[in-house]
Asker: 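One structure is given below, represented as structure tokens, and several questions about it will come after.
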Amino acid sequence: MAAAITSREQDYSQWYNDLILKGGLADYSAVRGCMVIKPYGFALWENMRDQLDRMFKETGHVNAYFPLFIPKSFLSKEAAHVEGFAKECAVVTHYRLKNDPNGGGVVVDPEAKLEEELIVRPTSETIIWNTYKDWIQSYRDLPILVNQWANVVRWEMRTRLFLRTAEFLWQEGHTAHATAQEAVEETRKMLDVYAQFAEEWMAVPVIKGVKTANERFAGAEDTYCIEALMQDGKALQAGTSHFLGQNFAKAFDVKFSNKENELEYVWATSWGVSTRLIGGLVMAHSDDQGLILPPKIAPLQVVIVPIHKGEEQLNAITEKVNVLMSELKALGVRVKYDNSDNARPGWKFAEHELKGVPVRIAIGGRDLENGTAEVARRDEKTKATLSMDGLAQHIHQLLSDIQQNMFNKAKAYRDSHITKVDTWEEFVEALETKGGFVSAHWDGTAETEEEIKTKTKATIRCIPLNNEQEEGKCVLTGKPSKERVLFALAY
RNA sequence: CGGGAGGUAGUUCAGCCCGGUAGAAUACCUGGUUUGGGACCAGGGGGUCGCAGGUUCGAAUCCUGUCCUCCCGACCA
């Protein structure tokens, strides 16, 4: 299979699709807007999920599971929330099919209409807060620190593999607290967890910030986010953490008795990351040869390819490889010996590059004589011939170097694509020619934000946390501003 | 949801305008030779032409509907 990948320069969108499809991460399905996550893609997701899950547990959270279906009436209890999601909800209206009396398969049984329609969850705040009402009486029941791993459905008009699909996998944390301060601390803590995960595990640098009112989650008081930058200069919201105030407690009447035996509404947070992270991972690192996966979450970290003349030599190579494999496995390295006979070495090299395996080791006749192996790293596409002595330890270190190098490269790109501008002309030029984040003063009004979006398609990605306070003038209106915000075109 | 393009072998595509036994490359299977960057020879298997109707003696080809995908736009944690 000659898997020619469209170059980034030629067509960035097609390049992305090619990587996902030909890299074996996912396929389109027979259902509009829904994808099949293939084993290789799912293995990647499992590695991400498992690490996130460990981090949630370390910060005191426990997992639970709530229903896929939400009674329609629940969704309308919080006004902003319903407005935010109403336009993209799948609705279950019937519970039975029957044979078509006119032939031609099955039809919906009109007699099996539900009394109250069920909504396929677009997010679970409502069903969870309806449940928390029963769980919470006293301050002694708080905090509740629950996470759930689930699928959700948002009926998107235009979908893209991993980045925006009608159904996607995610985790959603939903916590309940006695005080606003504690809930805000939780919101910020989970934002830090996301940032740490993105940077240390995905090797994707992110900017932590807070969303403007326009970009805020429907039903939240404050939405915090991590924003990443893709290689085409567009930003990607990689994770969000919301301080929900008492909005859902009030909507679902969730009160607790404090130490003074007074009834108070509970304070809430919610936070989530999804399979969208995979899209971001792909677009942050990969090149025209294929995927480049960071070692910490790559399904396969090392692949070993034998290059042999005759079966006898193959056996000799295999003997060496078996020793190396067990040494690598002892160091916790995910390694595969690709000794299949249906492809020659060159084909295998290209295939593993396409799939983004961080390290490739080739061992041939010359290596047998010299006691060496050829080690190729995917991130820099360099090769080196190294001694077999101490090779496993070297590879172990190399994986760590690759992880760091990938982060450094992505960070250098990101940092060089944050442009400070002070005039409208500079603002427009930076967006059009360079892309990336544009750091500019903004007068703080939703109207100005909207107008800038209409004129340039750029949105305010976030107001960075710990933002430098600086007097300036709004790049559009010239009105006074106290700090810069980050604009960008976004996914 | 609007505009444009597309759906034929596992994959990439030709055939369609002008209706008449469904093709190529590659992948796959068998045997052999090979193996340091996508091998070669010989033989072989594989497609209700997205799906459903219609026109016709006859439809991959013409007509209608419908589903899925891509690109652009509107929308959008």
Side-chain angles (χ1 to χ4, degrees), chain A residues 1-6 11-14 16-18 20-22 27-36 80-81 83-89 103-105 122-123 125 152 154-161 163-166 168 170 172 211-212 214-220 222-227 236-242 270-274 276 289-290 305-311 313-314 317 338-354 360-370 372-374 376 381 383 385 453-454 457 459 461-462 490-491:
Chain A
M1 177 180 67
I5 294 172
T6 308
D11 185 341
Y12 193 85
S13 294
Q14 193 55 48
Y16 175 79
N17 288 334
D18 283 355
I20 302 293
L21 296 169
K22 293 176 180 173
D27 261 338
Y28 293 112
S29 74
V31 186
R32 166 186 234 123
C34 295
M35 64 176 174
V36 175
H81 191 64
E83 198 182 331
F85 286 106
K87 282 173 288 185
E88 49 185 20
C89 284
T123 179
E125 274 78 4
V152 287
R154 295 176 190 177
W155 213 259
E156 301 287 354
M157 285 296 122
R158 187 173 172 187
T159 57
R160 299 202 59 192
L161 294 166
L163 294 174
R164 176 171 287 111
T165 46
F168 55 93
W170 78 343
E172 46 181 325
K211 289 288 188 189
T212 62
N214 272 355
E215 300 282 325
R216 195 180 288 154
F217 173 70
D222 266 317
T223 288
Y224 295 84
C225 61
I226 52 172
E227 293 284 329
L236 179 85
Q237 176 176 299
T240 50
S241 185
H242 314 290
S270 69
W271 29 273
V273 295
S274 72
R276 182 179 226 214
Q289 274 68 53
V305 177
I307 301 165
H308 61 280
K309 296 184 179 20
E311 199 166 333
Q313 196 176 60
L314 177 61
I317 290 169
D338 185 1
N339 63 346
S340 58
D341 196 35
N342 56 1
R344 287 161 49 110
W347 193 92
K348 292 178 183 175
F349 292 176
E351 183 69 8
H352 294 124
E353 277 161 16
L354 171 60
R360 179 188 73 234
I361 302 174
I363 301 179
R366 287 207 301 271
D367 294 306
L368 279 185
E369 290 174 22
N370 302 333
T372 56
E374 181 191 82
K381 292 215 303 268
K383 295 193 278 199
T385 301
K453 184 181 176 183
T454 307
K457 291 185 182 173
T459 49
R461 301 319 304 157
C462 69
Y491 278 96

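Proteins get letters first, then strands, A, B, ... in listed order; numbering begins at 1 in each. Everything quoted here is computed from the prediction, not taken from an experiment.
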Asker: I want to verify a distance call: between rC71(B), rU35(B), rC76(B), whose nearest atom is closest to the Asn17(A) side chain?
Answerer: rC71(B)
Asker: Nearest to the Thr240(A) side chain among rA77(B), rU69(B), rC75(B), which nucleotide is it?
Answerer: rA77(B)
Asker: For the base of rG2(B), is there a side-chain donor-acceptor partner from Arg158(A) under 3.5 Å away?
Answerer: no
Asker: Answer with base, sugar-phosphate or nothing: what part of the nucleic acid does Phe217(A) contact at a heavy-atom distance below 4.0 Å?
Answerer: base
Asker: Could you tell me whether the side chain of Thr123(A) has a donor or acceptor atom within less than 3.5 Å of a complementary atom in the base of rA77(B)?
Answerer: yes
Asker: By nearest heavy atom, map Ile363(A) and Lys453(A) onto RNA chain B; which one lands nearer the 5' end?
Answerer: Ile363(A)
Asker: Please report the distance, rounded to the nearest Å, between CG in Leu21(A) and P in rC70(B).
Answerer: 9 Å
Asker: Does this structure show an ion pair linking Lys381(A) with Glu353(A), if we count only N-O contacts that are shorter than 4.0 Å?
Answerer: no
Asker: Mark yes or no for a side-chain to base donor-acceptor pair under 3.5 Å between Glu351(A) and rG37(B), with no hydrogen or angle criteria applied.
Answerer: no
Asker: Is any N or O donor-acceptor pair between the side chain of Arg164(A) and the base of rC76(B) shorter than 3.5 Å?
Answerer: yes
Asker: Would you say Arg344(A) places a side-chain N or O within less than 4.0 Å of OP1 or OP2 belonging to rA39(B)?
Answerer: yes
Asker: OP1 or OP2 of rA77(B) sitting under 4.0 Å from any side-chain N/O of Tyr491(A)?
Answerer: no
Asker: Within the 4.0 Å heavy-atom criterion, would you say Gly219(A) contacts the bases, only the backbone, or no part of the nucleic acid?
Answerer: nothing
Asker: Does Asp367(A) or Arg154(A) map to a spot on RNA chain B nearer the 5' end, using the closest nucleotide for each?
Answerer: Asp367(A)
Asker: Applying a 3.5 Å limit to both distances, which nucleotide forms a Watson-Crick or G-U wobble pair with rG37(B)?
Answerer: none
Asker: Just call it for Arg360(A): base, sugar-phosphate, or nothing, with non-hydrogen atoms closer than 4.0 Å on any strand.
Answerer: base
Asker: Show the nearest heavy-atom pair for residues Val152(A) and Pro122(A), with the distance to one decimal.
Answerer: CB-O, 3.8 Å
Asker: Remember a base hit wins even if backbone is also touched, and classify Gly365(A) as base, sugar-phosphate or nothing at under 4.0 Å, heavy atoms.
Answerer: base
Asker: Would you mind pulling out the nucleotide paired to rC70(B), Watson-Crick or G-U wobble, both distances under 3.5 Å?
Answerer: rG4(B)
Asker: Taking all non-hydrogen atoms of both residues, which atom of Ala166(A) and which atom of Cys34(A) are closest, and how far apart?
Answerer: CB-SG, 4.1 Å
Asker: Atom CD of Glu125(A) to atom C1' of rA77(B): distance rounded to whole Å?
Answerer: 10 Å
Asker: Using 4.0 Å as the upper bound for N to carboxylate O, is an ion pair formed by Arg366(A) and Glu374(A)?
Answerer: no
Asker: Looking at Lys457(A), does any N or O in its side chain come under 4.0 Å of the phosphate oxygens OP1/OP2 on rG73(B)?
Answerer: yes
Asker: Within 45° of the ring axis of Trp155(A) and under 6.0 Å from its six-membered ring centre, is that where the NZ or CZ of Arg164(A) lies?
Answerer: no
Asker: Among rA77(B), rC70(B), rG36(B), which nucleotide sits nearest the side chain of Tyr28(A)?
Answerer: rC70(B)
Asker: So which nucleotide does rC49(B) pair with, by the Watson-Crick or G-U wobble rule with both distances under 3.5 Å?
Answerer: none
Asker: Do Lys383(A) and rG36(B) have a side chain to base donor-acceptor pair shorter than 3.5 Å?
Answerer: no
Asker: If we call it a pair only when both distances are under 3.5 Å in a Watson-Crick or G-U wobble match, what pairs with rU21(B)?
Answerer: none
Asker: With both distances under 3.5 Å as the test, what is the Watson-Crick or G-U wobble partner of rG43(B)?
Answerer: rC29(B)
Asker: Indicate whether OP1 or OP2 belonging to rA77(B) is found under 4.0 Å from a side-chain N or O atom of Asn214(A).
Answerer: no
Asker: Locate the shortest heavy-atom distance separating Val36(A) from Ser29(A); write the atom from each residue and the value.
Answerer: CG2-CB, 3.9 Å
Asker: Tell me which nucleotide, if any, is Watson-Crick or G-U wobble paired with rA14(B) when both distances must be under 3.5 Å.
Answerer: none
